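Notes for the one structure printed next.
Reckoned from all heavy atoms, side chains included, excluding hydrogens, waters and symmetry mates. Note that ligands are numbered from 1 as they come in the structure, with each ligand's atoms numbered from 1 the same way. Because the structure is predicted, anything quoted here is derived from the model rather than measured.
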Amino acid sequence: MKAPNIAIIGATGAVGRVFLDIITERGFPTSSIRLCASERSWGKTLSVANKTITVEEATPQLFHEMDIVFIAAGSEISSILAPVAVEQVAFVIDKSSAFRMDPDVPLVVPEVNSSDLSEHKGIVASPNCSTAPLVMVIKPLNDIVAITRVITDTYQSVSGAGSLAMKELLDQSENITSKRPINAIEFPHQIAFNIIPHIEGFLENGFTNEEMKMVEESRKILHLPDLSITATCVRVPVLIGHSEAVHIEFTEAISPGLIREILAAAPGIQVRDDPNANVYPMPIDAADKDEILAGRIRQDPANPKQISMWLSCDNLRKGAALNAIQIAEEMLRRNIPLKHRRI
Ligand SMILES: NC(=O)c1ccc[n+]([C@@H]2O[C@H](COP(=O)([O-])OP(=O)(O)OC[C@H]3O[C@@H](n4cnc5c(N)ncnc54)[C@H](OP(=O)(O)O)[C@@H]3O)[C@@H](O)[C@H]2O)c1
């Protein structure tokens with residue numbers, strides 16, 4: 001098969017720019033690359049794969065000329081543009097939450113459920129940036145000893161909310177240290193020197209959308225519709241790299257040593273677990289890495305069936321752009337047809 005024509009919608013954003021880096025680093029095969037963003041960015045140039053490309057409008061004609069369209073521009077834009085791209089017989093890999101729970105749309109982390117890709121009807125969704133590392137850990141463990149309960153508390157960096165949120169953290173930090181007033185626009189409160197237990201809107205059940213995304217997406221990806229799982233999602237003043245405290249209960253006692261062995265052998269996971277030498281995952285170490293980092297693996301003295309651990313992951317890479325590119329690589333590697341008439 002000839003290398004695909006690809007388009008990246010949202011190429012100027014936090015995720016979009018990492019797409020460009022990863023395509024270049026991995027030598028992702030392309031016949032042509034088109035970059036799109038909002039009207040604000042049309043005419044700007046960006047570099048990818050040693051080429052300088054002008055940002056343009058995402059039009060039906062552009063989709064018609066594409067084989068793969070990556071969309072990282074927000075749910076509203078995805079809801080509008082993805083059906084147009086599919087209508088033009090382009091294959092869409094969507095980073096937003098717009099289609100994740102649609103039964104006709106596979107939601108895929110290639111290390112976990114790549115077999116779902118062949119079921120696509122034109123769109124494949126990539127999960128939330130905290131869901132991806134969580135399911136990558138749950139899957140290999142559950143394959144060895146069944147899991148009965150998962151509790152996760154996230155510590156999510158500001159880049160998870162986009163490039164303007166990164167700027168807001170930097171601006172607030174500078175203004176506070178210079179004793180100047182601050183603006184809180186991207187977050188409901190000041191994020192510099194603070195943490196905010198609130199990501200996306202609150203639902204009637206008291207959880208946030210972000211928390212319920214983690215629950216529902218994990219169940220779908222893992223094919224465990226009844227998995228007992230609870231999440232608390234918290235925004236922290238870190239630029240790049242989401243972390244999670246994860247507590248997993250199994251049907252039987254399992255030693256931290258075996259957990260380390262299973263995770264070390266699992267694809268995409270690096271175990272960093274030597275607390276006495278101050279070695280454990282931190283977002284500063286996970287940033288710019290493809291692997292998710294796992295450590296602080298310990299057995300609950302009050303419940304030998306429960307293991308606690310700490311994860312850090314680059315939310316813009318495995319949590320977003322890398323996962324989407326791996327989906328495309330897997331489709332190409334397995335020769336799964338990209339074309340689908342209509343969703
Ligand atoms: N950040 C993460 O860690 C992460 C992780 C997983 C999933 N996601 C998802 O990825 C998507 C992008 O997130 P982000 O963090 O990259 O946001 P961002 O930094 O705010 O970037 C948004 C991008 O969308 C573009 N855009 C806005 N309106 C558009 C339109 N009408 N047509 C085409 N492009 C348009 C923007 O272009 P301009 O520059 O011209 O405004 C920009 O390139 C979201 O759906 C988000 O939920 C993000």
Side-chain angles (χ1 to χ4, degrees), residues 7-22 34-46 48 53-60 62-63 69-82 84-85 92-100 107-109 123-135 154-169 185-187 199-201 209-210 213-214 217 221 233 235-236 238-244 283 286-288 292 312-327:
I8 298 167
I9 317 302
T12 51
V15 174
R17 285 176 184 271
V18 175
F19 259 113
L20 306 183
D21 292 345
I22 296 177
R34 308 279 285 271
L35 303 179
C36 303
S38 80
E39 195 172 352
R40 285 182 291 278
S41 304
W42 299 347
K44 283 186 188 165
T45 57
L46 294 169
V48 55
I53 297 178
T54 303
V55 176
E56 58 188 308
E57 184 179 6
T59 62
L62 180 141
F63 291 139
V69 174
F70 296 97
I71 310 185
S75 298
E76 277 178 37
I77 308 294
S78 288
S79 304
I80 298 166
L81 292 185
V84 179
V92 172
I93 301 177
D94 186 41
K95 266 313 312 155
S96 82
S97 57
F99 301 97
R100 288 180 191 153
L107 175 63
V108 174
V109 174
I123 302 177
V124 169
S126 184
N128 176 278
C129 36
S130 296
T131 305
L134 181 66
V135 296
T154 70
Y155 300 66
Q156 300 183 212
S157 67
V158 294
S159 56
S163 48
L164 293 177
M166 295 172 80
K167 184 173 179 319
E168 184 154 305
L169 171 60
I185 298 162
E186 300 299 318
F187 300 109
I199 301 181
E200 297 210 341
N209 251 314
E210 184 84 351
K213 276 186 205 168
M214 285 193 76
E217 292 176 16
I221 295 166
C233 293
R235 187 73 70 193
V236 297
V238 167
L239 274 177
I240 296 175
H242 288 4
S243 300
E244 298 181 37
D288 284 333
I292 66 162
S312 293
C313 156
D314 185 325
N315 51 293
L316 299 174
R317 283 188 171 250
K318 189 58 201 173
L322 174 65
N323 194 66
I325 290 168
Q326 287 173 321
I327 288 172

Please tabulate, one line per pair, the protein nitrogen or oxygen atoms found under 3.5 angstrom from a nitrogen or oxygen of ligand 1, with distances to 0.1 Å, or say none if there are no such pairs.
| unit_1 | atom_1 | unit_2 | atom_2 | d |
| --- | --- | --- | --- | --- |
| ligand 1 | 1 (N) | S159 | O | 2.8 |
| ligand 1 | 3 (O) | N315 | ND2 | 2.9 |
| ligand 1 | 16 (O) | A14 | N | 3.2 |
| ligand 1 | 16 (O) | V15 | N | 2.9 |
| ligand 1 | 19 (O) | A14 | N | 2.9 |
| ligand 1 | 19 (O) | S163 | N | 2.9 |
| ligand 1 | 19 (O) | S163 | OG | 3.0 |
| ligand 1 | 34 (N) | S38 | N | 3.4 |
| ligand 1 | 37 (O) | T12 | OG1 | 3.2 |
| ligand 1 | 37 (O) | S38 | N | 3.3 |
| ligand 1 | 39 (O) | T12 | OG1 | 2.5 |
| ligand 1 | 39 (O) | S41 | OG | 3.3 |
| ligand 1 | 40 (O) | S38 | N | 3.2 |
| ligand 1 | 40 (O) | S38 | OG | 2.6 |
| ligand 1 | 40 (O) | S41 | OG | 2.4 |
| ligand 1 | 41 (O) | S38 | OG | 3.3 |
| ligand 1 | 41 (O) | R40 | NE | 3.2 |
| ligand 1 | 41 (O) | R40 | NH2 | 2.6 |
| ligand 1 | 43 (O) | G10 | O | 3.2 |
| ligand 1 | 43 (O) | T12 | N | 3.3 |
| ligand 1 | 43 (O) | T12 | OG1 | 2.6 |
| ligand 1 | 43 (O) | G13 | N | 3.0 |
| ligand 1 | 45 (O) | G74 | N | 3.1 |

Item to check | For R34, all residues meeting side chain to side chain contact (heavy atoms under 4.5 Å, CB included), sequence neighbours excluded | outcome: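 In terms of side chain to side chain contact (heavy atoms under 4.5 Å, CB included), with neighbours along the sequence ignored, R34 is linked to A7, E56, L62, E65, M66.
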Item to check | Sequence-distant partners of S163, side chain to side chain contact (heavy atoms under 4.5 Å, CB included), two or more places apart | outcome: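 S163 satisfies side chain to side chain contact (heavy atoms under 4.5 Å, CB included) with A14 only.
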Item to check | No-hydrogen, no-angle side-chain donor-acceptor test under 3.5 Å, N315 and Q156 | outcome: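 On atom types as modelled, these side chains do not qualify, holding no pair under 3.5 Å.
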Checklist entry - Can you list the residues that meet the side-chain hydrogen bond (donor to acceptor under 3.5 Å, both in side chains) rule with R235, with sequence neighbours excluded? => result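 So R235 forms no side-chain hydrogen bond (donor to acceptor under 3.5 Å, both in side chains) with any residue.
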Checklist entry - Less than 4.5 Å apart, any side-chain heavy atom of L46 and any of R17? => result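 Sidechains of R17 and L46: in contact.
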Item to check | E186 and V158, any side-chain heavy atoms less than 4.5 Å apart | outcome: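 Of all side-chain heavy-atom pairs linking E186 with V158, none is under 4.5 Å.
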